[in-house]
Amino acid sequence: MLAERMLHVGFAADGRSGTVVAMADLEEVPAGFLTDRHVLKLMTRRLTEVGQRVRQRTLQLQSVDELTSDKLQDLSQELDKQLWQFRAHLG
């Protein structure tokens, strides 16, 4: 959905894993064995951070490109749902 929207506004999405990792600017996942709880905490932090970024960009785009802002708001809602699910397992 977002890659398609990018094309509509004149940008090509690059979903290659190396590009995504380089652009994500998230802490590196530790090497080796990770407990389930550690993974849940790690994913909760990542979802929180990415959700905050999406909300900031949604606000920035509201006055410039309302349709893209709406698409990001949909993404934000999905991220919030996933965050809630990870937090439920931490309980």
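- Checking side-chain atoms of Thr19 against main-chain N and O of Gly15 turns up no donor-acceptor pair under 3.5 Å.
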Test log, rule side-chain contact (heavy atoms from CB on, under 4.5 Å), inputs Gln56 and Leu72: CA-CA 10 Å; Gln56 287 173 346; Leu72 288 177; over 6 Å; no

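- Both Leu83 and Val54 belong to a common hydrophobic cluster when Ile, Leu, Val, Met, Phe, Trp and Tyr are linked at side-chain heavy-atom distances under 4.5 angstrom.
- Leu42 and Leu79 fall within a single hydrophobic cluster, where Ile, Leu, Val, Met, Phe, Trp and Tyr are joined by side-chain heavy atoms under 4.5 Å apart, directly or via other members.
- Interatomic distance, CD of Glu78 versus CD of Gln73, reported as 13.5 Å (0.5 Å rounding).
- For NE2 of His89, the number of neighbouring non-hydrogen atoms (other residues, nucleotides, ligands) closer than 6.0 Å is 12 at most.
- The cluster map of Ile, Leu, Val, Met, Phe, Trp and Tyr, joined by side-chain heavy atoms under 4.5 Å apart, puts Met1 and Leu61 in the same cluster.
- Residues Ser69 and Gln60 are not in side-chain contact: their nearest non-hydrogen atoms beyond the backbone lie 4.5 Å or more apart.
- Each of Met43 and Trp84 belongs to its own hydrophobic cluster when Ile, Leu, Val, Met, Phe, Trp and Tyr are linked at side-chain heavy-atom distances under 4.5 angstrom.
- Once rounded to the nearest 0.5 Å, the distance linking CG of Leu40 with CZ of Arg87 reads 12.5 Å.
- Contact annotation: the side chain of Leu34 approaches that of Val29 to within less than 4.5 Å [non-hydrogen atoms, C-beta and beyond].
- Between Glu49 and the options Arg45, Arg53, Arg46, a salt bridge (charged side-chain N to carboxylate O under 4.0 Å, His left out) holds for only Arg53.
- Judged purely by atom type and a 3.5 angstrom limit, Arg37 uses its side chain to pair as donor or acceptor with the backbone of Leu90.
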Intermediate values then yes/no, salt bridge (Lys or Arg N to Asp or Glu O under 4.0 Å), Asp74 and Arg5: CA-CA 13 Å; Asp74 292 342; Arg5 183 65 192 148; over 6 Å; no

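- Residues Asp65 and Thr68 approach most closely at OD2-OG1, 2.5 Å, considering heavy atoms.
- The hydrophobic cluster containing Val21 does not contain Leu47, counting ILVMFWY residues as joined when their side-chain heavy atoms lie under 4.5 angstrom apart, directly or transitively.
- Looking at heavy atoms from C-beta onward, Lys81 lies in side-chain contact with Gln85 at the 4.5 angstrom threshold.
- Across all non-hydrogen atoms, the minimal contact from Asp80 to Arg55 is OD1-NH1, 3.2 Å.
- From Asp70, atom CG reaches atom OG1 of Thr58 across 9.0 Å, with rounding to the nearest 0.5 Å.
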